Amino acid sequence: MDTLQKTLPNGATLQGQYRAEFAGVAEAFAANFAGEEIGASVCITIDGEPVVDLWGGLKDADTQWEEDTLSVVFSSTKGAVALAAHTLIDAGELELHRPVTHYWPEFGANGKDAVTVKMMLDHSAAVPCLRGELKELACCDWDYMVERVAAAEPFWEPGTRNGYHMMTFGWTVGELVRRAAGQSLGSYLRRALAEPLGADFWIGLPESEHHRVAKLTPFKPVRGAELSDFTKALIGQKGSIQSLAFFNNGGFSAGNPTCWAAEIGGGGGIGNGRSLAKLYAPFACGGEANGQRYVSPETLATMGDVAVATHRDATLLLPTRFGLGFMKSMDNRQELAVAKDSAIIGRCAFGHVGAGGSIGFADPDARMSFGYVMNKMGPGILMNERGQGLVDAAYRALGCDSNASGAWDAVRTGGRGDAPR
């Protein structure tokens with residue numbers, strides 16, 4: 001392994017190791033800090049073994065981003081929630097085509113009785129946000145939010161279209177996990193995945209670990225830049241799905257330690273690049289790691305399938321492609337808005353992006369897992385050029401030469417990714 005050791009003009013350092021074939025990733029990581037990057041970490045595994053593990057920059061105004069620094073990853077959290085759900089599906093504790101009311105009778109209120117577990121996962125359950133005022137810091141009260149979601153009137157006939165469940169996904173799928181596992185979402189995630197995989201990832205961060213969380217810097221809008229349809233609706237149509245999803249979120253704030261401690265599965269997860277790569281590693285390697293099987297090959301195949309695709313997501317107002325709880329490669333580079341809102345990964349890859357640009361995913365074809373986390377947010381709610389540049393460099397290291405089709409095609413030998421050795 002080669003070593004990255006670089007001091008930036010602000011005195012912060014970039015550190016870590018990478019395999020020589022992945023030097024392009026290290027170069028892209030360092031180049032990001034000549035632009036907008038403040039602090040970040042990126043990790044890549046092949047066959048479950050790290051081939052890139054880099055971190056650095058600033059955690060806050062004058063503190064170094066350390067190897068164990070953590071950050072709120074926004075909707076990258078949803079990928080972890082989906083991984084937890086699929087372990088329960090594989091164990092037979094949840095069934096994709098069963099009505100949600102089999103596990104959660106109250107959810108059937110107001111015409112939602114036909115919603116299935118699958119609809120919860122693929123964003124077609126029709127509760128992408130909540131109407132009506134929520135109490136102060138409602139997002140930190142699990143029972144209160146679950147009751148509100150269960151009682152909600154759907155925004156469309158469930159199952160007939162999909163619309164990104166921006167924050168409610170954490171309580172729809174999260175409550176199914178809680179009921180099937182018999183313990184809280186965060187506790188089950190730790191026991192079933194994070195702890196056995198050695199992943200420093202949390203939905204509900206103990207106060208003893210709060211000192212490790214990086215300070216987020218929000219994206220500063222570009223004056224006069226073309227806005228996406230989502231942003232136009234967000235700021236111009238009070239009561240729209242877009243406005244409610246973004247603003248009526250129960251007081252969630254990524255800078256509030258009370259929110260760090262709560263179990264907010266729609267966007268409150270906390271981790272770093274290494275923890276995301278570790279979480280996804282078994283799912284890049286046939287469903288197992290270190291001799292432990294997490295899901296069967298059949299479940300893994302289902303996880304990687306496209307479940308829904310649309311030219312106009314009911315929430316995001318742009319083309320989206322989702323698996324069961326995961327984002328698939330999304331190519332919206334033709335968008336005129338400053339936020340291109342793309343996430344271009346492998347054709348068979350699945351994972352999730354977080355607002356501002358974080359991402360975690362597994363690519364079973366390449367037997368690669370990937371995690372990137374940063375504290376300087378970019379535009380939009382999908383990726384920006386910093387994270388996408390790292391993903392692109394990773395696929396080029398695998399021998400891929402183009403994502404013009406809208407996805408990277410992993411180099412294959414005998415039905416599996418032929419990663420550099």
Side-chain angles (χ1 to χ4, degrees), residues 8 10-16 29 32-33 36-43 53-81 137 139-142 167 170 174 184-187 189-190 193-195 197-219 249-279 352-360 371-378 381 384 386-387:
L8 301 173
N10 61 12
T13 60
L14 306 182
Q15 303 177 67
F29 184 71
N32 284 345
F33 287 86
E36 294 188 342
E37 201 78 278
I38 295 176
S41 59
V42 62
C43 182
D53 190 4
L54 308 173
W55 63 90
L58 291 175
K59 172 185 167 187
D60 51 41
D62 54 6
T63 306
Q64 168 71 31
W65 183 296
E66 302 289 353
E67 183 176 0
D68 67 348
T69 294
L70 305 171
S71 183
V72 175
V73 301
F74 292 97
S75 286
S76 292
T77 312
K78 292 184 179 72
V81 174
L137 275 182
C139 65
C140 298
D141 186 335
W142 182 274
M167 289 297 289
S184 75
L185 169 64
S187 296
L189 178 71
R190 291 294 303 167
L193 288 167
E195 289 176 358
L197 292 169
D200 193 7
F201 189 90
W202 307 82
I203 301 178
L205 185 71
E207 186 176 353
S208 61
E209 308 301 321
H210 284 193
H211 66 282
R212 297 197 283 138
V213 180
K215 181 180 179 180
L216 287 166
T217 299
F219 172 71
N249 62 13
F252 174 69
S253 170
N256 186 343
T258 301
C259 293
W260 301 347
E263 297 190 1
I264 303 173
I270 295 177
N272 50 32
R274 185 187 300 126
S275 67
L276 285 173
K278 285 185 174 183
L279 281 181
H352 218 289
V353 171
S358 65
I359 188 171
Y372 163 68
V373 170
M374 75 300 138
N375 63 350
K376 171 62 171 73
M377 297 181 68
I381 60 173
N384 58 70
R386 284 174 282 145

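This one's a predicted model, so the numbers in the text were calculated from it and none came from an experiment.
For Trp65, there are no side-chain hydrogen bond (donor to acceptor under 3.5 Å, both in side chains) partners, not counting sequence neighbours. Trp260 meets the ring pair (Phe, Tyr, Trp, His ring centres under 6.0 Å) test with His210; sequence neighbours excluded. Judged as a side chain to side chain contact (heavy atoms under 4.5 Å, CB included), and not counting sequence neighbours, the contacts of Gln64 are Ala12, Thr13, Gln15, Glu66. For Asn249, the side-chain hydrogen bond (donor to acceptor under 3.5 Å, both in side chains) test picks out no residue, with sequence neighbours left out. Among residues two or more places apart in sequence or in another chain, the side-chain hydrogen bond (donor to acceptor under 3.5 Å, both in side chains) test is passed with Asp141 by Lys135. In this view, Tyr372 satisfies the ring pair (Phe, Tyr, Trp, His ring centres under 6.0 Å) rule with no residue, not counting sequence neighbours. The salt bridge (charged side-chain N to carboxylate O under 4.0 Å, His left out) check on Glu37 picks up Arg386, with sequence neighbours excluded. Ser275 pairs by the side chain to side chain contact (heavy atoms under 4.5 Å, CB included) definition with Ala199, Asp200, Phe201, Asn272, not counting sequence neighbours. When the ring pair (Phe, Tyr, Trp, His ring centres under 6.0 Å) test is applied to Phe33, the partners found at least two apart in sequence or on another chain are Phe29. Every side chain to side chain contact (heavy atoms under 4.5 Å, CB included) that Glu195 has, sequence neighbours left out, goes to Arg190. Residues meeting the side-chain hydrogen bond (donor to acceptor under 3.5 Å, both in side chains) test with Ser358, sequence neighbours left out: Ser76.
Annotation: salt bridge (charged side-chain N to carboxylate O under 4.0 Å, His left out) contacts involving residues 258-279, sequence neighbours excluded, comprise Asp53-Arg274, Glu67-Arg274.
A donor-acceptor pair is defined here as one N or O able to donate and one able to accept, closer than 3.5 Å; no such pair exists between the side chain of His352 and the backbone of Thr77. Between the Ser184 side chain and the Ser187 main chain, a donor and an acceptor come within less than 3.5 Å of each other. With hydrogens and angles ignored, the 3.5 Å screen pairs no side-chain donor or acceptor of Ser41 with any backbone N or O of Trp55.
Summarising the geometry, atom NE2 belonging to His211 is positioned 6.5 Å from atom NZ belonging to Lys59; distances are rounded to the nearest 0.5 Å. In this structure, Asn375 CG and Ile38 CD1 are separated by 5.5 Å, a value rounded to the nearest 0.5 Å. For the atom pair CG (Leu185) and CH2 (Trp142), the distance works out to 5.0 Å, reported to the nearest 0.5 Å. Going from atom CE of Met374 over to atom CG of Asn32 covers 11.0 Å, rounded to the nearest 0.5 Å. One distance of note links CZ of Phe74 with CG of Leu216; it measures 5.0 Å at 0.5 Å rounding. A distance of 7.0 Å separates CG in Leu70 from CD1 in Ile270, rounded to the nearest 0.5 Å.
Contact between Ser71 and Val373 at its shortest, heavy atoms only, is CB-CG1, 3.5 Å. Listed here is the closest heavy atom pair of Asn256 and Thr258: OD1-N, 2.9 Å. The nearest pair of heavy atoms linking Gly251 to Cys139 is C-SG, 3.9 Å. Shown here for Leu14 and Gly57, the closest heavy-atom pair between the two residues is CD2-N, 3.7 Å.
Counting heavy atoms from C-beta outward, Asn10 and Leu58 have side chains that approach closer than 4.5 Å.
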Step-by-step side-chain contact (heavy atoms from CB on, under 4.5 Å) determination, Val213 to Leu205: CA-CA 10 Å; Val213 180; Leu205 185 71; 3.5 Å; yes
Could you walk me through whether Ile264 and Cys259 pass side-chain contact (heavy atoms from CB on, under 4.5 Å), step by step? CA-CA 7 Å; Ile264 303 173; Cys259 293; 4.1 Å; yes
